[in-house]
Asks: 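I have a structure here, written as structure tokens, and I will follow up with some questions on it.
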Amino acid sequence: MSTHQQYDRSSSAAWLQGLALLWAFLFVVWLVINATTELPVVITGAVISFALAAIFVRRGDVWRIGVTPLKTYHFIAYTGVFFIEMVKANINMMRYVYAPRIDIRPGIVKINMRLKSPIGRLALANSIALTPGSLVMDISDDTLFIHWLDVKTTDPDMATAMIAGPFEKHLEVVFG
């Protein structure tokens, strides 16, 4: 078997695996958004999810992510960490809203990313932006500029550990 044939097979396997992963993700999102398991809704969601997954996987290598037990573990751990950070941030926001005197120091901080893959960077930026009290303002090379509702530090290394640290260690294993 030639090297070219081996590459075609591994590329084909990665394409199918990426298609299956993205389809499953989009289909679950469809089911959650529609909040029903009626047959017409499920069939429509399966077809639309498959069509979108096929389009995205064919147009680039971003979704060709190899699945291993270690990556699966870290993705599940990342999901748990994301929900914990979301709850903590919402409790903090509730404190700010109900406090008789709002004591915040809003500002923009710089954090550094270790992630190299575009999908990993996207997941990190979205994780930060979806967490109340923080918003990604700009991405430049390996740097994110974050608007932080209550700036705890302006040191980039400490800010990176506080804002991106919980997410990045898991996303790095999953996406690189």
Asks: Tell me whether Ile111 is reachable from Leu122 by hopping between hydrophobic residues (I, L, V, M, F, W, Y) whose side-chain heavy atoms are closer than 4.5 Å.
Replies: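 Same cluster.
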Asks: Which donor-acceptor pairs under 3.5 Å do the side chains of residues 91-99 make with protein atoms, sequence neighbours left out?
Replies:
unit_1 : atom_1 : unit_2 : atom_2 : d
Asn92  : OD1    : Arg95  : NE     : 3.3
Asn92  : OD1    : Arg95  : NH2    : 3.2
Tyr96  : OH     : Asp150 : OD2    : 2.9

Asks: Quick one: CG on Asp157 to CE on Met162, what's the gap to the nearest 0.5 Å?
Replies: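 Interatomic distance, Asp157 CG to Met162 CE, rounded to 0.5 Å: 13.0 Å.
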Asks: Could you go step by step and tell me if Leu22 and Phe56 meet the side-chain contact (heavy atoms from CB on, under 4.5 Å) rule?
Replies: CA-CA 9 Å; Leu22 185 55; Phe56 281 111; 3.7 Å; yes
Asks: Under the criterion side-chain contact (heavy atoms from CB on, under 4.5 Å), I'd like the reasoning laid out for Leu171 against Arg121: C-alpha separation, chi angles, the key distance, then a yes or no.
Replies: CA-CA 9 Å; Leu171 291 174; Arg121 289 171 173 234; over 6 Å; no
Asks: Compile the donor-acceptor pairs under 3.5 Å between side chains in residues 30-40 and protein atoms, sequence neighbours left out, one pair per line.
Replies:
unit_1 : atom_1 : unit_2 : atom_2 : d
Trp30  : NE1    : Val41  : O      : 3.0
Asn34  : ND2    : Trp30  : O      : 2.9
Thr36  : OG1    : Glu38  : N      : 3.2

Asks: Decide whether Phe50 and Phe25 are clustered together by the hydrophobic rule: side chain heavy atoms of Ile, Leu, Val, Met, Phe, Trp, Tyr closer than 4.5 Å, transitively.
Replies: yes
Asks: Can you tell me if CE on Met86 sees more than 12 non-hydrogen neighbours from other groups inside 6.0 Å?
Replies: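 For Met86, atom CE is crowded (more than 12 foreign heavy atoms under 6.0 Å).
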Asks: What's the shortest heavy-atom distance between Ala89 and Thr131, and which atoms?
Replies: CB-CG2, 3.3 Å
Asks: Using a cut-off of 6.0 Å, state whether more than 12 heavy atoms not belonging to Lys116 lie near its atom NZ.
Replies: yes
Asks: Could you walk me through whether Met113 and Ile139 pass the side-chain contact (heavy atoms from CB on, under 4.5 Å) test, one step at a time?
Replies: CA-CA 10 Å; Met113 287 186 289; Ile139 300 174; 4.1 Å; yes
Asks: Taking all heavy atoms of Val151 and all of Gly107, pick out the closest pair and write down the distance.
Replies: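 Minimum heavy-atom contact is CG2-N, 3.4 Å.
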Asks: Got a second to check how far Asp138's CG is from Ile146's CD1, nearest 0.5 Å?
Replies: 10.0 Å
Asks: If Ile, Leu, Val, Met, Phe, Trp and Tyr residues are connected whenever their side-chain heavy atoms lie under 4.5 Å apart, and connections chain through other members, are Ile119 and Leu124 in the same group?
Replies: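 Yes, one cluster joins them.
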Asks: To the nearest 0.5 Å, how far apart are CG in Leu19 and CG in Leu16?
Replies: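 Separation between the atoms: 6.5 Å.
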Asks: With rounding to the nearest 0.5 Å, note down the distance linking CZ in Phe75 to CG in Leu21.
Replies: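 One finds 9.0 Å between CZ of Phe75 and CG of Leu21.
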Asks: Whether Arg114 and Asp142 form a salt bridge (side-chain N of Lys/Arg under 4.0 Å from carboxylate O of Asp/Glu) is what I want to check.
Replies: no
Asks: Linking I/L/V/M/F/W/Y whenever any side-chain heavy atoms sit under 4.5 Å apart, do Phe175 and Val81 land together?
Replies: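 Linked within one cluster.
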Asks: Return yes if some donor-acceptor pair links the side-chain N/O of Ser134 with the main-chain N/O of Ile128 below 3.5 Å, else return no.
Replies: yes
Asks: In sequence, state the C-alpha distance, the side-chain angles, and the governing distance for Leu26 and Ile48, and then conclude on side-chain contact (heavy atoms from CB on, under 4.5 Å).
Replies: CA-CA 9 Å; Leu26 293 173; Ile48 290 173; over 6 Å; no
Asks: Looking only at atom types and distance, does a side-chain atom of Trp23 sit under 3.5 Å from a main-chain N or O of Ala46, one as donor and one as acceptor?
Replies: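 Yes, the answer is positive, given that a donor and an acceptor are paired below the 3.5 Å cut-off.
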Asks: Would you confirm whether Thr143, through its side chain, and Asn112, through its main-chain N or O, come within 3.5 Å as a donor-acceptor pair?
Replies: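 A pair under 3.5 Å: no.
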Asks: Look at the side chain of Arg105 and the backbone N and O of Lys152, then say whether any donor-acceptor pair between them is shorter than 3.5 Å.
Replies: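 No, because the side chain of Arg105 does not come within donor-acceptor range (under 3.5 Å) of the backbone of Lys152.
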Asks: In Å and rounded to the nearest 0.5 Å, what is the CH2 to OG1 distance from Trp148 to Thr154?
Replies: 9.5 Å
Asks: What distance do Phe145 atom CZ and Lys110 atom NZ have between them, rounded to the nearest 0.5 Å?
Replies: 5.5 Å
Asks: Evaluate the ring planes of Phe167 and Tyr78, with Trp represented by its six-membered ring, and classify them as parallel (under 30°), tilted (30 to 60°) or perpendicular (over 60°).
Replies: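 Geometry flag for Tyr78 against Phe167: perpendicular rings.
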Asks: Which atoms form the tightest heavy-atom contact between Pro166 and His170, and what is the distance?
Replies: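 Scanning both residues, the minimum pair turns out to be O-CD2, 3.6 Å.
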Asks: Would a hydrophobic clustering, with Ile, Leu, Val, Met, Phe, Trp and Tyr connected at side-chain separations under 4.5 Å, put Val109 with Leu130?
Replies: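 Shared cluster, yes.
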